[in-house]
Each structure stands twice: as C-alpha cells, then as structure tokens.
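So the structure is just underneath, and the comments pick up after that.
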Amino acid sequence: MQYNHQEIEKKWQEYWAKNQTFKASNTSDKPKYYVLDMFPYPSGAGLHVGHPLGYIASDIYARYKRHKGFNVLHPQGYDSFGLPAEQYAIQTGQHPAITTETNIKTYRGQLDKIGFSFDWSREVRTSNPEYYKWTQWIFIQLFNSWYNKDSDKAEDVSTLIAKFEAEGNTTVNAVCDEDIITFTADEWNGFSSTKQQEILLQYRLTFLSDTEVNWCPALGTVLANDEIVNGVSERGGHPVVRKKMTQWSMRISAYAQRLLDGLNGIDWPQPLKDIQTNWIGRSQGAMVSFKVDGNDANIDVFTTRPDTIYGVSFMTLAPEHELVAKITTDAQREAVETYVEATAKRSERDRMADVKTISGVFTGAYAIHPFSGKQVPIWIGDYVLASYGTGAVMAVPCGDQRDYDFAKHFDLEIPNIFEGVDISEEAFADKEKSVIANSDFLNGLPYKKAMKTVIYEMEQRGFGYGKINYRLRDAVFSRQRYWGEPFPVYYKDGMPQMIEKQHLPVVLPEVEKYLPTEDGKPPLGNADVWAWDTTTNTVVSNDKIDNETVFPLELNTMPGWAGSSWYFNRYMDATNDGDFVSAAAVEYWKEVDLYIGGSEHATGHLLYARFWQKFLFDLGLVPVDEFAKKLINQGMILGTSAIVYRVAGTNKYVSLGLKDNYKADELQELRVDVKLINSSDELNLEGLKNWQPQYADAEFELEDGKYIVGREVEKMSKRWFNVVNPDDICEEYGADSLRLFEMFLGPLEQFKPWKTSGISGVYSFLKKLWKLFHNGENFEVSEGEPTKDNLKTLHKTIKKVEEDIENFSFNTSVSTFMIAVNELTAQKCNNKAILEELLILVSPYAPHIAEELWSELGHENSIAFAAFPQFDGKHLIESEKEYPISFNGKMRFKLKLPLDMSKEDIEKTVMAHEKTQEQLQGRTPKKVIIVPGKIINIVG
RNA sequence: GCAGGAAUGGCGGAACUGGUAUACGCGUCAGAUUUAGAAUCUGAAUUUUGAGAGUUCGAAUCUCUCUUCCUGUACCA
C-alpha cells in the first residue's frame with residue numbers, strides 16, 4: 001500500500017468532525033490548558049501559506065498537551081467586522097454580512113484542510129449579534145464605571161454619585177477630564193439632571209468628548225494615525241484634515257500604570273513589552289506654574305528636569321496653546337498670528353518630518369521665574385507639541401538640545417547651571433552625571449537629590465508638585481462606518497442614554513448606501529429605522545422620533561478592536577445567552593495559557609485587550625487581570641518572487657546568467673507567477689506565454705537551453721505573483737507535509753522565505769515513515785522485543801522532541817524525526833512497541849498519517865489522547881565514548897575509550913597512541929587537558 | 001537620533017551550561033534503476049562562523065571596537 005495523503009487526510013478530517021474529537025469540556029479531572037491563536041479577519045483573498053504558521057505551531061502545542069494529559073481548550077473564530085467588506089459594499093452594494101459569510105466559508109474550508117484540532121463548537125464571530133450583544137454590554141459597564149485612584153480600580157458610578165451627594169467632588173480622587181468644576185454636596189443636589197449627567201460623563205470610563213481627529217472628507221470617516229501615509233489617506237490617497245468632532249473615548253489612561261506594572265508578571269517577548277512600555281511612555285517629573293507678568297494667566301508646564309529650573313531662560317508654547325492669543329502683546333500680535341496660521345496649515349506629519357528647521361516667534365510677554373523672580377521671555381515654537389504634557393515647556397537651553405538650538409537660533413541667553421561642564425557647543429543632557437550650580441539652594445546637588453529638594457520646595461511654596469506623566473492617550477472609540485458594532489446608546493436632551501441589558505443586542509440597521517450621508521453624518525445616518533422607542537424598547541422608524549418617548553440612536557459604530565478586546569473570554573462559554581461568560585467557565589479556564597500571533601498588534605489589540613481585562617477584573621467579572629500568561633510572536637513567511645529581465649523597448653527576455661551582457665538601464669525587471677518556476681529556478685516558457693497576453697510572442701535569450709529567473713524575497717502579495725495557496729500544497733503533498741514543512745523552515749519567531757521546492761524533503765520523510773510500517777504492499781510490524789539500538793533511537797527522540805516542544809523549537813524536532821526515521825530504517829526496525837511510541841511523538845506535527853497508522857496498529861480510538869511516551873535515560877547510557885583528540889584546540893583524530901577510565905589511564909593510552917606521536921613529531925606536550933566524557937586536548 | 005535584534009556552506013538553518021562547527025533538509029555533481037521522464041536508492045563536494053582584537057588549554061558561543069542589515073519609535077519637554 002502506498003502512502004496516499006489525499007485519501008488519509010480526508011478520512012481523518014471527517015472522523016474528527018464527526019466524532020467531535022476536539023470538543024473541550026468545561027469540567028474535567030485533568031488540569032486545564034488554553035491555547036489560543038489571534039483570530040483572523042476573513043479577507044476575500046483567502047489564506048496563503050504564511051497565515052497558518054502560527055496556527056500550526058499552536059495546534060502542535062495543543063495536541064502535545066492533550067497527549068500530556070491536559071484538558072485543552074483550542075478554539076478558533078473570526079474577527080469579522082472590518083473595512084474591506086464595507087469598501088466592497090460601497091463599490092458593489094453587496095451587504096457586508098454576505099461578503100463576510102462567503103469569506104468565512106472560504107477560510108473554514110482552507111483551515112479544515114490543514115487538520116487543525118480546533119473546537120469549532122465554540123466558534124465566535126465578532127459581527128454576529130449574539131456576540132456583539134456582549135461587546136455592547138461591556139461598553140455599558142464601562143459607561144457605568146469611574147476610576148477611583150484611592151482604591152486604584154474601576155468602581156460603579158453609584159459610589160461616585162454617593163460621594164457627590166454627601167461631600168461634593170472636592171474629596172474625590174478620580175481619573176477624569178481636566179476641566180472639572182468643583183462643587184459642594186448642596187450644589188450637586190441642586191443641579192438639574194442634565195447638568196448632573198454632564199458632570200458624570202467627565203468621570204465615566206467611556207465618555208463623549210470633542211476630540212481632534214484625522215478627518216478624511218473623501219472617505220467620510222475618521223482615520224487612525226496608522227491609516228495615514230504622508231499626510232494623505234492610505235486608502236485612496238485622499239487629503240486628511242484635523243477636525244474637532246464629538247466622539248466616544250475610552251479612558252485607558254486610567255490604567256497606564258497598571259498596564260505598565262502588569263508587564264512584569266507575564267511571559268511575553270521582551271521586544272513586545274518594550275514597545276508597550278514605550279507607548280505608555282511614563283515620565284517622572286513635576287508640574288510647575290509660571291505667572292505671566294502683567295497678566296492674570298498662568299502657564300503650567302510639565303518637566304522631567306525640575307532640578308534645572310534655574311537654567312530657564314525662556315518659555316515656549318505650542319502655537320495652538322490656548323494662552324497664545326491672551327498674552328501676546330499688540331506689538332507682536334501680527335507676527336504671532338502669521339506664525340500660528342502658517343503652522344496650522346502644515347500637517348502634523350510635515351511638522352514631525354521636518355525637525356531641522358527651527359522656527360518660532362516672540363509673544364512680547366514675559367513670565368516670572370517662580371524662584372528667582374526674573375523675567376523670562378515667552379516664545380511660541382512648533383517644536384513644542386500641543387498634544388503632549390501641557391503644550392508648553394520651560395526652556396533650559398543648557399540642559400536640553402532642542403532648547404539649546406532654539407536659543408542659539410534666536411540668540412537667547414544660555415545660562416550654565418552645571419558644575420564643570422562646557423556648554424559652548426551643545427547642551428549637557430546627561431542627568432546622572434550632572435551637579436547643579438548657580439542655582440541658589442540647589443548648588444552642589446547631584447541630579448536625584450536636586451530633584452527631591454526642588455520638588456519639595458515647590459510644593460511648600462505652592463507653585464508646583466511632583467507628577468508622573470504618560471504619553472498614552474485616551475483611545476477614540478467612535479468610527480464613522482457601517483460595518484461595526486452599533487452603540488447601545490440613544491440621546492435624550494443631548495445626553496447619551498444606555499439601553500438596558502435585557503433589550504440587547506441593538507442590531508445593525510439596514511441602509512441603502514454604505515457611504516456617509518450628504519450632510520456628513522456617518523453611514524448609519526442613512527438608516528430609516530434607527531430610533532429607540534422607550535415604551536416598547538425596540539428600534540423603530542425615525543419618523544416616530546418625538547424626543548418624548550422615541551429618541552435618535554447613536555450613528556457611530558465601534559472600532560475594530562472592540563470585539564477583539566474580550567473574545568478570549570467568550571470562547572470559554574461561547575454560546576451563553578444570559579452572560580458574556582459564565583462565572584463557572586471563567587473560573588475554570590481563567591486565562592489563556594499560550595497565545596500565538598503577530599507582533600504588529602503590540603500597541604493595538606494587545607494593549608486594549610489588557611485594558612478591558614483589567615477593567616473586567618475590577619468589576620469582579622474575571623478572576624485574573626492579565627488575559628494571556630504567555631505570548632509568542634510568530635514571524636512572517638515571505639514570498640520568493642520570480643523575476644524576468646526584459647530588454648527595454650523589446651519583447652525579448654534575458655536569462656539571469658546573461659544579464660550582465662546588458663547595461664543595467666537596458667533591462668527591466670518584471671515579476672512573473674511563481675507557479676511557472678521549477679525547483680531549479682527554471683522558467684516554464686510555454687506556461688509563461690499562456691499566462692499573460694504580453695508574453696504570447698516573447699523571445700528568450702537562454703543559457704544552456706534554459707531560462708533562469710532571478711529571485712527576490714518579499715512579502716507575499718498578489719501584485720508580486722508570489723502567493724502560494726495552502727490548498728495547492730495540501731492537494732499535492734498533503735496537510736501533514738505542509739505542517740511539517742512550515743515548522744521545518746526555521747525558528748517560529750523568525751521571518752523566513754517560502755520555497756515550495758523544499759517541501760519534497762518532509763514529503764519523503766513521511767513516505768519513509770510509512771515504509772517503516774509496511775513491507776512492500778502490506779502492513780507489517782513485528783511483535784518481539786526491540787533491540788538496544790531501537791530503544792536508543794526512540795528514547796533519544798523522545799527526549800529531544802519533548803524538550804523542543806516545551807521550548808517552542810519546532811524546527812529542530814522535525815529534524816529529530818528525520819534522524820529517527822533514517823536510523824530506524826537503517827536498523828530495519830519494524831518493531832511495534834517502538835513504532836507505536838514514535839507515532840505518538842509525530843502525531844502533533846503530522847496528525848493524519850499518525851491516526852492512519854495508529855488504527856492500522858489495531859487501535860480503535862483516536863491517537864489524539866494517547867499518553868505521551870515516557871523517556872527512560874537507561875537506554876542512552878553508554879559505556880564508551882569516541883573522544884575527539886585535539887592538538888592546540890584543533891581536532892585531529894578520534895579514539896574510542898571506556899567512559900569509566902580514569903584520567904591517568906586516558907592520558908597514558910592517548911599518549912601511547914601512534915597517531916598522537918605522529919602529531920607531536922617528537923615534541924613533549926606542555927599540558928594535557930582531559931575532560932572526561934567530552935574532549936582531550938594536547939597542548940604543545 | 002533613541003531602543004531592541006541579527007550576521008554560520010550556493011540556500012533555509014543545527015550546535016545544550018565555552019569542548020568534534022555546518023546536524024536535518026533543499027540545491028548541485030557523480031553513479032544505480034528506467035525506453036524516457038518522474039520517483040527511488042547509493043555516494044560526493046562546499047571550509048572555519050560579518051571584520052578586528054582580547055580572555056582561555058580550547059570561542060559560533062564570553063568581553064571590547066567596528067561594519068552591515070532588520071524591527072520598533074521619534075521634536076515626549
């Protein structure tokens with residue numbers, strides 16, 4: 001019987017589906033283990049061979065854990081809200097739900113062919129109302145919460161209202177909006193309901209605010225920073241302007257410190273932790289308030305170097321700073337206004353890209369130095385960003401290079417407040433080495449002491465205090481799009497009202513057009529039936545809006561990261577209709593033990609999901625405040641494009657080896673379909689002619705009768721014609737080969753190129769494995785005692801494979817299998833006991849062939865739960881060692897010696913050996929190093 | 001600019017706490033089988049780990065200097 005992968009794989013995939021082999025139970029005597037992949041967005045293009053890399057790795061680990069006796073949860077689903085389906089709807093009118101459904105079918109078909117051990121009974125789709133009902137519900141929980149800094153956690157707003165009613169807000173220590181008015185209990189109780197709601201909104205964890213956003217008029221939507229390239233939209237290249245809009249935001253900044261601290265307790269890749277740490281951007285310093293001379297305004301600045309306060313020789317405000325207009329003197333007004341206008345025209349992008357040009361203008365006003373009482377001029381300059389800190393800086397030119405450059409450029413004073421430092425050329429920014437001088441009570445103090453002293457002094461005098469600042473901004477949560485979760489929100493008197501839990505989900509309405517409305521409202525503005533009737537608690541026609549009992553619903557939808565911020569919890573109890581996840585299920589599974597996915601989500605999904613998890617933890621809804629214990633970033637599989645060289649202006653193509661006969665500018669590089677290339681980089685000329693009309697009458701300049709293409713490693717993409725579809729690989733070589741090969745390519749985390757030709761190696765490995773169980777056409781294994789060599793090979797393999805899987809070194813375990821099969825073939829081993837254990841080792845990697853041979857061996861049940869072989873070191877004990885004999889560190893020959901031989905005897909035997917004498921040529925060695933069991937080195 | 005990572009045959013990559021460098025696979029070449037090809041089997045070659053120094057009996061591995069490449073991030077006060 002020949003190894004027929006197509007037949008076998010189909011058979012076992014059907015078996016697993018029919019028997020629900022991988023369905024996980026929420027109760028078990030076994031210990032639990034939760035293995036999760038980042039769920040895919042089902043795009044129209046389907047999967048290419050790069051996509052399943054991480055899924056294969058996690059599947060191997062999940063299967064391994066089952067063999068090790070764990071109750072494994074290994075689910076999969078779809079992050080099915082997203083822009084591509086909506087764009088397609090705009091172009092064709094096809095409802096995104098239909099596009100999404102079609103794409104999911106394609107994905108599912110492709111995934112099934114690879115033989116994953118997913119528990120599909122727990123599938124989630126973020127665009128299903130049964131799912132987004134709970135996304136809406138979590139949103140409501142956020143709305144109903146505020147962040148209490150005293151207890152350092154989120155609490156229900158009822159506790160906040162209680163405080164307001166009893167004491168007003170002066171004693172409340174909350175993370176909230178900046179421009180909060182203070183009020184007493186009496187005042188609070190006297191406020192109108194609308195006023196109270198307005199105030200509460202400033203404290204809620206999700207809140208409405210006027211935010212500056214990147215508005216793209218052509219697309220009719222707000223864009224995130226990473227959706228803008230060179231000042232225009234990534235999609236379509238349309239201009240983008242800054243615009244103030246009322247948007248929902250998430251108060252993630254409340255969790256900045258906990259998001260930072262939490263990183264210490266989780267096993268995530270260091271680079272990823274670094275990215276998040278950087279993104280959160282904690283900096284310790286002080287807030288200092290400067291009075292403006294002859295004006296009642298105060299300029300607040302944040303600084304990380306309050307110790308250098310005596311070095312302040314001017315101040316700089318961002319051009320957008322709200323005090324600019326107020327403090328500018330008449331004499332300077334025109335210059336200032338011109339400058340402000342000029343900077344407003346420049347996009348954020350331009351300003352950031354252009355860091356060398358120094359520009360600014362004097363406002364004519366002066367601030368009073370809080371310690372020295374001296375006048376310091378106030379400038380505006382675009383090197384100060386409105387969005388960071390307070391949008392104003394105290395400039396210390398001697399200690400900050402940007403302030404230094406600014407001062408030099410405008411010929412401002414540069415006082416030196418460092419002991420023994422030359423600042424004639426550049427600023428001195430090395431704080432650890434600085435000792436303060438010319439600074440009154442700070443003289444002679446090193447950085448740390450000066451910091452403490454000055455902050456204490458400022459707090460005493462009341463114009464400053466120590467502060468920790470974060471770069472992390474609150475996250476805008478509104479999108480002007482159709483294909484996303486609708487908010488469970490209607491508006492009464494302009495104030496947002498939440499729809500109660502029992503009336504969820506609020507289902508996405510039907511619209512005629514998926515574009516924004518003509519008057520600039522989001523796509524949901526096109527819906528005719530999009531109003532909330534508070535008497536029936538249903539969505540009703542807009543005609544009925546009377547603002548008495550029927551109110552307009554929110555027109556924005558939630559961003560892509562909403563649904564993915566909690567899906568890992570939903571898998572634990574995916575069909576629960578009464579709760580987002582049952583307490584019992586989440587108590588049992590707790591958190592993801594192993595999460596595999598790309599590092600590109602470092603500052604998006606992975607940060608937001610941690611935030612929501614901490615929030616849910618504060619509310620007591622989940623038992624742990626980090627959702628994933630261990631995370632691995634898989635690398636990308638790159639394509640290997642094929643390049644032909646056309647002689648410019650002709651239809652003649654030159655083979656790779658002959659292109660040096662032409663000048664570089666005479667040749668054009670064109671990419672051709674990688675399917676037309678064989679394993680030796682030779683182009684199929686007939687195939688090319690049929691591929692695209694432009695090649696139909698092409699001429700070729702061949703070398704040795706062949707056309708050899710150039711190769712280039714780059715991302716897999718349709719436009720490079722280098723995409724390889726896993727379906728084709730499964731068809732030709734089988735899923736087991738695909739799985740083994742993807743792992744064999746190299747370390748999981750690394751980026752590596754795909755070359756289909758390499759797959760023949762793992763394919764012939766599978767055929768060799770098959771042969772071990774067969775004699776010609778017949779299945780044949782022997783029952784007797786295994787030989788010593790058989791056992792040695794097996795146990796060596798058990799040990800290595802187990803270590804490799806535990807270390808996620810899947811590439812090396814594939815080579816270990818190859819070595820094992822090669823050795824057993826050489827030993828002519830067909831011993832049942834040996835082969836049975838070998839099969840279990842192989843089965844996480846190549847489950848189909850393993851199941852088939854396992855059943856041939858007479859087993860009735862799936863191999864999936866067979867106990868992992870037990871390693872026994874006694875089979876590896878050697879009595880002899882083939883020592884490498886080195887001379888001055890270079891290995892010259894080998895010598896077999898007993899392992900229990902004493903050092904003295906080894907030395908005698910080695911020195912007496914004829915080859916030693918040959919090497920020494922009569923010299924007497926200076927030294928002989930003997931490391932028993934390892935090496936012998938003769939020096940001299 | 002700052003932070004992090006990497007560099008090993010023609011290619012992808014092995015090498016555990018310093019101890020036989022290139023395991024395993026692809027490709028290449030030669031041979032066997034075959035009408036031919038594919039497939040299969042047998043055998044072979046590539047030369048010192050980016051460069052330079054240091055520590056050591058011994059360095060891909062540890063230390064220093066430099067080069068190149070990749071990733072992230074950037075007037076963050």
Side-chain angles (χ1 to χ4, degrees), chain A residues 269-279 281-283 285 301-306 308 315-316 318 351-358 381-385 387-396 399-403 405-406 429 469-471 599-600 602-603 633 635 640 679-681 711 713 740-741 744-747 749-765 767-768 771 800 803 807 809 811-820 822 882-894 925-931 933-940:
Chain A
Q270 195 54 45
L272 197 138
K273 289 187 182 181
D274 291 346
I275 291 170
Q276 289 206 345
T277 304
N278 240 308
W279 190 259
R282 182 187 203 265
S283 48
V301 298
F302 174 75
T303 175
T304 52
R305 296 294 305 274
T308 63
M315 302 193 70
T316 317
R351 265 172 75 175
M352 287 197 294
D354 180 19
V355 289
K356 283 178 207 94
T357 320
I358 295 167
D382 66 1
Y383 80 98
V384 177
L385 302 177
S387 56
Y388 184 76
T390 62
V393 299
M394 55 173 231
V396 183
D400 182 285
Q401 195 57 43
R402 290 155 306 173
D403 296 344
D405 294 341
F406 195 85
N469 208 37
Y470 299 93
R471 205 189 70 133
S599 60
E600 66 273 19
T603 55
N633 292 129
T640 311
S679 60
S680 320
D681 288 348
R711 312 236 56 176
V713 173
L740 283 166
F741 186 53
F744 189 58
L745 281 175
E749 326 79 60
Q750 223 161 79
F751 281 57
K752 55 230 163 207
W754 173 275
K755 267 182 106 175
T756 303
S757 56
I759 204 168
S760 63
V762 292
Y763 189 53
S764 55
F765 156 74
K767 285 191 281 192
K768 283 185 208 166
K771 270 194 187 168
K800 181 83 168 86
E803 281 169 6
N807 294 321
S809 175
N811 55 326
T812 50
S813 41
V814 178
S815 5
T816 307
F817 291 139
M818 289 173 169
I819 294 167
N822 288 346
E882 192 172 32
Y883 279 96
I885 315 291
S886 300
F887 291 82
N888 297 319
K890 294 270 169 262
M891 203 275 289
R892 293 303 175 198
F893 67 92
K894 290 176 190 174
K926 284 191 200 122
K927 212 173 175 184
V928 180
I929 313 278
I930 294 163
V931 185
K934 287 226 163 133
I935 198 169
I936 294 155
N937 191 16
I938 298 167
V939 189

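Lettering of chains follows the sequences in order, A, B, ..., and the numbering in each one begins at 1.
Base orientation for B/rG9: syn, the chi torsion being within 90° of 0.
When heavy atoms are screened at a 4.0 angstrom cut-off, A/Asn822 is found touching the sugar-phosphate backbone but no base atom. Backbone-only engagement by A/Ser764 is indicated by non-hydrogen atom pairs under 4.0 Å involving sugar-phosphate atoms exclusively. Residue contacts shown for A/Val931 include a base, since a base heavy atom lies under 4.0 Å away. Within 4.0 Å (heavy atoms only), A/Lys800 reaches no atom of the nucleic acid at all. Among the atoms of the strands shown, none is found under 4.0 Å from any heavy atom of A/Asn278.
When all heavy atoms of A/Gly391 and A/Val384 are compared, the closest pair comes out as O-CG1, 3.5 Å. For the pair A/Ile275 and A/Thr603, the tightest heavy-atom approach, listed with the atom from each and the gap, is CG2-CG2, 3.6 Å. Contact record, A/Ala395 with A/Tyr383: CB-OH, 4.4 Å, taken as the closest heavy-atom pair.
Look at CG on A/Leu385: it is 9 Å from C1' on B/rA77, rounded to the nearest Å. Per the geometry, CD belonging to A/Gln276 stands 16 Å off C1' belonging to B/rA3, to the nearest Å. Taking atom CZ on A/Phe887 and atom C1' on B/rU20, their separation rounds to 14 Å, with Å as the unit. Between A/Arg471 atom CZ and B/rA3 atom C1' there is a gap of 13 Å when expressed in whole angstrom units. If you measure from atom CZ of A/Phe744 to atom C1' of B/rC11, you get 12 Å, rounded to the nearest angstrom. At whole-Å resolution of the value, CZ in A/Arg305 and P in B/rC76 are 14 Å apart. We find that CZ of A/Phe751 is positioned 14 Å from C1' of B/rC69, with the value rounded to whole Å. With rounding to whole Å, A/Gln401 atom CD is found 12 Å from B/rC76 atom P.
Distance from the side chain of A/Asn937 is smallest to B/rG58 among B/rG58, B/rC24, B/rG4. Closest contact between the side chain of A/Pro747 and the listed nucleotides B/rA77, B/rG4, B/rA14 involves B/rA14. With distances taken from any side-chain atom of A/Asp274 to the nucleotides B/rG4, B/rG27, B/rA14, the minimum falls on B/rG4. Here B/rC57 is the nucleotide among B/rG72, B/rA23, B/rC57 with the atom lying nearest to any side-chain atom of A/Val939. The side chain of A/Pro753 lies closest to B/rG12 when the candidates are B/rC24, B/rG12, B/rC57.
Spacing between B/rU28 and B/rC11 at atom C1', rounded to whole Å, works out to 11 Å. Here, B/rU46 and B/rG1 have their P atoms 43 Å apart, quoted to the whole Å. B/rC66 and B/rU71 have their P atoms separated by 23 Å, with the value rounded to a whole Å. Rounded to whole Å, the P atom of B/rU68 lies 30 Å from the corresponding atom of B/rA77. Taking the C1' atom of each, B/rA7 and B/rA51 are spaced 11 Å apart, rounded to whole Å. Comparing B/rG50 with B/rA39, their P atoms are spaced 35 Å from each other, to the whole Å. Rounded to whole Å, the C1' atom of B/rU47 lies 15 Å from the corresponding atom of B/rU20. Comparing the same atom, P, in B/rC62 and in B/rU49 gives a spacing of 15 Å after rounding to whole Å.
Remark: A/Thr812 is not in phosphate contact with B/rC24, judged by side-chain N or O atoms under 4.0 Å from OP1 or OP2. For the OP1/OP2 pair of B/rC76 and a distance below 4.0 Å, the side-chain nitrogens and oxygens of A/Arg402 include at least one atom meeting the criterion. Between A/Lys767 and B/rU40, a side-chain N or O to OP1/OP2 separation shorter than 4.0 Å is present. The shortest distance between the side-chain N/O atoms of A/Asn811 and the OP1/OP2 oxygens of B/rA14 is below 4.0 Å. Phosphate proximity of B/rG13 to A/Gln750: present, with a side-chain N or O under 4.0 Å from OP1 or OP2.
Across all strands shown, B/rC57 is found opposite B/rG19 as a Watson-Crick or G-U wobble partner, with both distances under 3.5 Å. With both pairing distances under 3.5 Å, B/rU40 is matched to B/rA32 as a Watson-Crick or G-U wobble pair. Using the Watson-Crick or G-U wobble rule with both distances under 3.5 Å, B/rC11 pairs with B/rG25. Pair assignment for B/rU46: none, as no Watson-Crick or G-U wobble contacts are both less than 3.5 Å. Nucleotide B/rC69 is matched to B/rG5 when pairs are restricted to Watson-Crick or G-U wobble geometry with both distances under 3.5 angstrom.
Map A/Tyr388 and A/Trp279 each onto its nearest nucleotide of RNA chain B; the residue landing nearer the 5' end is A/Trp279. Taking for each of A/Ser599 and A/Ile759 the nucleotide of RNA chain B with the nearest heavy atom, the 5'-most of the two is the partner of A/Ile759.
Side-chain atoms of A/Leu745 and A/Trp754, non-hydrogen and from C-beta on, do get closer than 4.5 Å to each other. Within the 4.5 Å cutoff, the side chain of A/Met818 has heavy atoms near those of the A/Phe744 side chain. Counting heavy atoms from C-beta on, the side chains of A/Val393 and A/Met315 never come closer than 4.5 Å. Residues A/Leu272 and A/Asn633 form a side-chain contact, since some pair of their non-hydrogen atoms from C-beta on lies under 4.5 Å apart. Between A/Phe765 and A/Ser760 there is no side-chain heavy-atom pair separated by less than 4.5 Å.
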